[in-house]
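One structure is given here, and the rest of the page talks about it.
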Amino acid sequence: MEGKENRKTVTLCGASSYEQKYYFNQQFQSLPENIKKELQAMCVLFTEDVGGILTLEFEPDGTLEFKVRADDHDYLFDEIGCGLKIRQYQREKRELLEALKLFYRVVFLGERMEDTE
């Protein structure tokens, strides 16, 4: 039986429209500066457009998920826009997202490059 630590998600970054703050996990400090800036812009623009809280999280298997939460009483949160914006990012930022998944699987999960293809 696997330990619980093997099943936790790892947050890469996130932004909150409520606190107007951006968070970047320092475990990923080795990412190139332009990637970090692109992630920040993506998260902040997302929360400015639709509201709520967006986090990009790695699942235990290395997949990268967009997680969105909104306060129950946030009547300005755009639920439809949220889904559309995520699909837009998945399309437009596909190469970036794939590279981040590969980075995570190699650096954090210890997979070899050949195993990730």
Side-chain angles (χ1 to χ4, degrees):
M1 185 167 147
E2 291 184 60
K4 285 186 179 180
E5 64 276 0
N6 292 334
R7 292 188 227 147
K8 288 184 179 178
T9 62
V10 176
T11 301
L12 169 61
C13 58
S16 169
S17 66
Y18 308 120
E19 297 177 18
Q20 296 188 345
K21 289 188 178 180
Y22 172 74
Y23 166 78
F24 180 77
N25 186 340
Q26 293 303 305
Q27 290 180 296
F28 296 91
Q29 194 59 34
S30 63
L31 285 171
E33 201 59 39
N34 64 324
I35 301 288
K36 290 189 268 188
K37 285 181 181 178
E38 190 168 354
L39 287 168
Q40 181 176 7
M42 193 168 78
C43 289
V44 170
L45 289 174
F46 181 95
T47 57
E48 285 180 0
D49 285 350
V50 300
I53 300 168
L54 169 70
T55 55
L56 296 180
E57 300 178 16
F58 287 102
E59 295 295 321
D61 66 356
T63 58
L64 183 59
E65 298 288 330
F66 287 78
K67 303 279 177 95
V68 181
R69 293 180 302 287
D71 288 346
D72 290 337
H73 303 291
D74 183 357
Y75 301 110
L76 298 176
F77 178 71
D78 183 358
E79 198 167 331
I80 294 170
C82 173
L84 293 172
K85 192 66 141 172
I86 288 172
R87 285 191 288 288
Q88 175 189 347
Y89 281 163
Q90 289 171 331
R91 233 183 9 262
E92 293 176 359
K93 307 286 186 184
R94 189 174 58 86
E95 286 183 28
L96 170 66
L97 299 172
E98 289 296 323
L100 288 167
K101 285 191 279 190
L102 180 61
F103 174 84
Y104 182 79
R105 291 175 68 186
V106 170
V107 174
F108 287 82
L109 300 181
E111 295 181 12
R112 294 189 324 239
M113 292 289 286
E114 307 85 58
D115 297 340
T116 60
E117 295 176 0

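- The ring-ring contact (aromatic ring centres under 6.0 Å, His included) test applied to Tyr18 returns no partner, not counting sequence neighbours.
- For Gln26, the CD atom is densely surrounded, since the number of other residues' heavy atoms within 6.0 Å is greater than 12.
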Listed pairs under 3.5 Å, donor-acceptor, residues 56-65 side chains, sequence neighbours left out:
| from | atom 1 | to | atom 2 | distance (Å) |
| --- | --- | --- | --- | --- |
| Glu57 | OE1 | Thr9 | OG1 | 3.3 |
| Glu57 | OE2 | Thr55 | OG1 | 2.7 |
| Glu59 | OE2 | Lys67 | NZ | 3.0 |
| Asp61 | OD1 | Thr63 | N | 3.0 |
| Asp61 | OD1 | Thr63 | OG1 | 2.9 |

Mind listing the side-chain donor-acceptor pairs of residues 34-46 below 3.5 Å, one per line with the distance, residues two or more places apart or on another chain?
| from | atom 1 | to | atom 2 | distance (Å) |
| --- | --- | --- | --- | --- |
| Lys36 | NZ | Gln29 | O | 3.1 |
| Lys36 | NZ | Glu33 | OE1 | 3.4 |
| Glu38 | OE2 | Lys93 | NZ | 3.1 |

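- With sequence neighbours excluded, no residue forms a salt bridge (charged side-chain N to carboxylate O under 4.0 Å, His left out) with Glu92.
- The salt bridge (Lys or Arg N to Asp or Glu O under 4.0 Å) pairs that include a residue from residues 79-91 are Asp49-Lys85, where partners are two or more places apart or lie in different chains.
- For Glu19, the side-chain contact (heavy atoms from CB on, under 4.5 Å) partners are Ser16, Lys21, not counting sequence neighbours.
- For residues 60-79, no pair satisfies ring pair (Phe, Tyr, Trp, His ring centres under 6.0 Å), with sequence neighbours left out.
- Think of Tyr23 as one node in a network of Ile, Leu, Val, Met, Phe, Trp and Tyr side chains linked at under 4.5 Å; it has no links at all.
- Legend: residues meeting side-chain contact (heavy atoms from CB on, under 4.5 Å) with Phe108, ordered by chain and number and at least two apart, are Gln27, Phe28, Phe103, Tyr104.
- Residues Ile53 and Ile86 are members of separate hydrophobic clusters, defined by side-chain heavy-atom contacts under 4.5 angstrom among Ile, Leu, Val, Met, Phe, Trp and Tyr.
- With hydrogens and angles ignored, the 3.5 Å screen pairs no side-chain donor or acceptor of Ser17 with any backbone N or O of Glu48.
- Think of Leu76 as one node in a network of Ile, Leu, Val, Met, Phe, Trp and Tyr side chains linked at under 4.5 Å; it has no links at all.
- Here CG of Leu96 is found 11.0 Å from NZ of Lys101. Values are rounded to the nearest 0.5 Å.
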